[in-house]
Undergrad: 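Below is the structure I would like to discuss, written out as structure tokens.
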Amino acid sequence: MTPFAEAVRKLRARKGVTQKQMAAALNVSPAYLSALEHGRRGVPSFDLLQRIAGYFNIIWDEAEELFLVAGSSDPRVIVDTSGLPSEYTEFANRLAKRIRNLDSADIARLSAFLENGGKGDGKAS
């Protein structure tokens, strides 16, 4: 599941609507909406994001958050290491092979490392 899928499921549960009802209101197929909620589709279009925000009547911070999580929810990421030293390509390939074996604590540590500009001490650079 992607962060966007999780957000949409929570919004749907809060409003008390089924996927089929939501799909009909957004003029998309229930199969597409299901695939989106299961992380089997890429990032939805800006138009669809606007319709989803309108459907749930969310504005300002909540809508912005939905758009942000959509932007980081593509289940098929391409990492372009062309032009970078060979160790970058090797690292990207090792990560791709092992990401399914990382647990949530590993992901949290790596995310914190990236958020802190690569500093291992948890302090922002």
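Heavy atoms only: backbone and side chains are in, while hydrogens, waters and symmetry mates are out. Being a predicted model, the structure only gives us computed values, none of them experimental.
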Undergrad: Ignoring hydrogens, what is the shortest heavy-atom contact between Val43 and Ala70? Give both atom names and the distance.
TA: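 Between these two residues, the closest heavy atoms are CG2-O, 3.2 Å.
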Undergrad: Quick one: closest heavy-atom pair of Met1 and Arg9, and the distance?
TA: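 Shortest heavy-atom separation between Met1 and Arg9 comes out as CE-NH1, 2.8 Å.
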Undergrad: Got a second to check how far Glu115's CD is from Leu110's CG, nearest 0.5 Å?
TA: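 CG of Leu110 is found 12.0 Å from CD of Glu115.
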Undergrad: Keeping Arg51 on the side-chain end and Leu26 on the backbone end, is there a donor-acceptor pair under 3.5 Å?
TA: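 Confirmed, Arg51 side chain pairs with Leu26 backbone.
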Undergrad: Between Lys15 and Tyr55, is there a donor-acceptor pair closer than 3.5 Å when you use the side chain of the first and the backbone of the second?
TA: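 Yes, the answer is positive, given that a donor and an acceptor are paired below the 3.5 Å cut-off.
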Undergrad: Do we see a donor-acceptor contact under 3.5 Å between the side chains of Ser82 and Asp80?
TA: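 Per modelled atom types, Ser82 and Asp80 side chains form a pair under 3.5 Å.
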Undergrad: Looking only at heavy atoms, which two atoms of Met22 and Val8 are closest? And how far apart?
TA: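 Closest pair (atom of Met22, atom of Val8, distance): CE-CG1, 3.7 Å.
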Undergrad: What's the shortest heavy-atom distance between Ala5 and Leu36, and which atoms?
TA: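 That closest heavy-atom pairing would be CB-O, 3.6 Å.
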Undergrad: Start with the C-alpha gap between Leu102 and Leu95, add the side-chain angles, then the distance that decides, and say whether side-chain contact (heavy atoms from CB on, under 4.5 Å) holds.
TA: CA-CA 10 Å; Leu102 299 176; Leu95 179 61; 4.2 Å; yes
Undergrad: Run the salt bridge (charged side-chain N to carboxylate O under 4.0 Å, His left out) check on Glu62 and Arg14 step by step: do they pass?
TA: CA-CA 14 Å; Glu62 196 173 16; Arg14 188 170 77 189; 2.9 Å; yes
Undergrad: So how far is it from Glu90 CD to Leu84 CG, rounded to the nearest 0.5 Å?
TA: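 Rounded to the nearest 0.5 Å, the CD-CG separation comes to 13.5 Å.
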Undergrad: Within a strict 4.5 Å, meaning less than it, do heavy atoms of the Val79 and Tyr88 side chains meet?
TA: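 Val79 vs Tyr88: side chains apart.
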Undergrad: Please find the pair of heavy atoms, one from Val69 and one from Ala7, that lie closest to each other, and give the distance.
TA: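 Heavy atoms only, the tightest pair is CG2-CB, 4.2 Å.
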Undergrad: Identify whether Phe46 and Leu68 are in the same connected component of the hydrophobic contact network (ILVMFWY, side-chain heavy atoms under 4.5 Å).
TA: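 No, because Phe46 and Leu68 fall into different hydrophobic clusters, even though each may have its own neighbours under 4.5 Å.
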Undergrad: Can you tell me if Asp106 uses its side chain to pair, donor with acceptor, with the backbone of Asp103 under 3.5 Å?
TA: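 Here the side-chain-to-backbone pair exists.
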Undergrad: Is it the case that atom CG in Asp61 sees more than 12 heavy atoms from other parts of the structure closer than 6.0 Å?
TA: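 No, CG of Asp61 has 12 or fewer neighbouring heavy atoms, counting only those of other groups under 6.0 Å.
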Undergrad: Does atom CD1 of Ile99 have more than 12 heavy-atom neighbours, drawn from other residues, nucleotides or ligands, at distances under 6.0 Å?
TA: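 No, because the 6.0 Å sphere around CD1 of Ile99 holds 12 heavy atoms or fewer from other groups.
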Undergrad: So, the side chain of Ser34 versus the backbone of Pro30: is there a donor-acceptor pair under 3.5 Å, distance only?
TA: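 Answer holds: no.
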Undergrad: With side-chain contact (heavy atoms from CB on, under 4.5 Å) as the test, would you mind laying out the steps for Tyr32 and Leu48 before giving the verdict?
TA: CA-CA 12 Å; Tyr32 174 76; Leu48 181 56; 3.5 Å; yes
Undergrad: Could you tell me the separation between the CD1 atom of Ile58 and the CG atom of Leu11, rounded to the nearest 0.5 Å?
TA: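 Here the rounded value is 5.0 Å.
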Undergrad: Do you know the tightest heavy-atom contact between Pro3 and Ser73?
TA: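 Reported closest heavy-atom pair: CD-OG, 3.4 Å.
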Undergrad: Is the shortest heavy-atom distance from the side chain of Phe4 to the side chain of Ile52 under 4.5 Å?
TA: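 Yes, at least one pair of side-chain atoms sits under 4.5 Å.
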